[in-house]
Amino acid sequence: MAREKFQTLTEQMFYILLCLREECCGMDIMEKVRVITGGRVTIGPGTLYNLLENFMTAGMIRETKVEGRKRSYVLTDVGRQALKDEVARMNVLIGDFRKFME
Amino acid sequence: MKTKKRRFEGFLFYDYEHVARHLEKMAHKGWLLSKITKLYWEYQRIEPTELHFAVTYFSEASQWNPSPSYRQEEFWAYCEAAGWKLAAEWEQMQIMYSEEENPVPVETDEHVKLEMIHRAMKKAWIPGSVALICLTVYQLLDQMPTRIEWFFYDANVLLLVARIFFLLYLVLQSWGYFSWYRRSFRSVENGGKCAEPNVYRKLANVLITVTIIPALLVYILLFGESGWLVLLSAAVVILLLIGMDRLAALLRGLEFSKTANIVTTGIVGIAVMAFVMNGLTSWISDHRELFITEAKEVVADDLLLVVEDLKTPDYEHTELVYELERKQSMFINWTKGRQYATDLYDAFDKLEYQIYEVKTPGLYDHFLALITGEAMIEDSENWRDINGGRWEADTVYQYQFEPGTERVYEELYVICQEDRIVRLGIDWETTEEELNISFEMLGIASRH
């Protein structure tokens, strides 16, 4: 069910997972995504909090440490695979575009 | 200068957009939301300023928790990191504000937002609504007119109307939410935004307003002669709600667990309510004459028909009672006359008549069915039409008692005459002449 839910990733999901390729505090992800995307993608705190909970439930990330009100996470193999699948899906789109439009 | 302001706000729980816009306008006027209680929203005076408000939902939040959970505080910390501060909570609803010019919205994914709202609604609002709908349906079924006496009081009709309106309001509100959820779900699936709350919201508000009118009329009808009781009842309900809210807050401060808080506040609330209701009920029963006109003892001349009109009583009694009772409503004018003796009750010939003047012709057959206990009296084996042109009446039914059955009256008649239904009970076997006189005294002339 959870896998089906994340069969395709939104831009916000994609960048959150990308940030978690290395251990990162949940709260810092908002700023990291803004920097990575040059301000093109912004993630609201409510959305981020809930998506992190959903990723945890789906086993795509895991908690690494808790410091006060700060919890840190890192990508799991399932999460890494989800990112790869998304990139593969986008490559198919790009391939099709090139085949028919260029 | 006032530093606090309390307002009643009638927002739907999921109407986050209107809540946020309203609070922005209030801040612009110099009022910042600081607290939400069951009865009112409290605002603190501030310098008029442009604030941004965002309404979000945290399904684990509860007014019964002794303190915010770790996860809730963590959630607030995320919001704070993005420049959002908590203004107030309303169950799972978290109202945030930001002083920044262009803050990052709290919710940037409509799908996640809809999921959060629905989760919060499933936890608090939906079970509450279902329980309230069931309770209202039960009260409606319980209040259905199954006895003729129900039609003696206009207040019953108004109460029924008020309950039907209230049920419609509840159903419409629930329907409104599910319809909004369906539309939002479709929209979000197609990459759009959550839908605007629909027209049901306004319809529901209209319905709740019109519900109050018959409910108030009931009060005035019941307590018309003691208006202060209306105010007292309203004050008791409001005070009880405030008291329960304060008690819950006090217990939260004393670190009571969620369950202990719910149980304690619930028990205290029920106990206070029972105490107040008990006091009110005993006051009403002590002053019944203000609300219910019961049978009054009268003299023989006040009754249309007494035993003495028909025969000389068998015994000399010192304590003969003549009773008269009257009721008027929009449906019916009802008169009941009764004669009996307080001593040697069974030995004395007693008599009773009831006259129903039906004001609503459409309900005549229904009233006749309620009075006789037969849905189709024409087909009934218990009641036999004995008129046969003997009296100036449409029909004269006599009850056919099985020999040996216990009965209050030896003979029982129901007479239908134009808009009237007359019920007569006589405690002995009457002669033709006695019956003719009885009917005549009750306005049913003999044709012979």
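Side chains included, hydrogens not; waters and symmetry mates left out as well; all remaining heavy atoms used. All chains are named by letter (A, B, ...) in the order of the sequence lines, taking the proteins before the strands, and each is independently numbered beginning at 1.
Using a 4.5 Å cut-off between heavy atoms, E115(B) contacts chain A through its side chain alone, with no backbone atom that close. For W76(B), no part lies near chain A; criterion is any non-hydrogen pair under 4.5 Å. For V41(A), no part lies near chain B; criterion is any non-hydrogen pair under 4.5 Å. Using a 4.5 Å cut-off between heavy atoms, T42(A) touches chain B through backbone and side chain atoms alike. Heavy atoms of F58(B) lying under 4.5 Å from chain A belong exclusively to its side chain.
F11(B) and W90(B) have their aromatic ring centers separated by at least 6.0 angstrom. Outside the 6.0 Å centre-distance limit, the rings of W84(B) and Y78(B) are not counted as a close aromatic pair.
Using cut-offs of 30° and 60° for the angle between ring planes, the Y181(B) and Y177(B) rings count as parallel.
The candidate with the highest count of non-hydrogen atom pairs below 4.5 Å against chain B, out of M13(A), R71(A), E53(A), is R71(A).
Just one residue in the list E80(B), E99(B), E100(B) forms a salt bridge (Lys or Arg N to Asp or Glu O under 4.0 Å) with K85(B), and that residue is E99(B).
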Sequence neighbours left out, cut at 3.5 Å: what donor-acceptor pairs do the side chains of residues 23-33 of chain A make with other protein atoms?
{"unit_1": "E23(A)", "atom_1": "OE2", "unit_2": "T64(A)", "atom_2": "OG1", "d": "2.7"}
{"unit_1": "E31(A)", "atom_1": "OE1", "unit_2": "R34(A)", "atom_2": "NE", "d": "3.3"}
{"unit_1": "E31(A)", "atom_1": "OE2", "unit_2": "R34(A)", "atom_2": "NH2", "d": "2.9"}

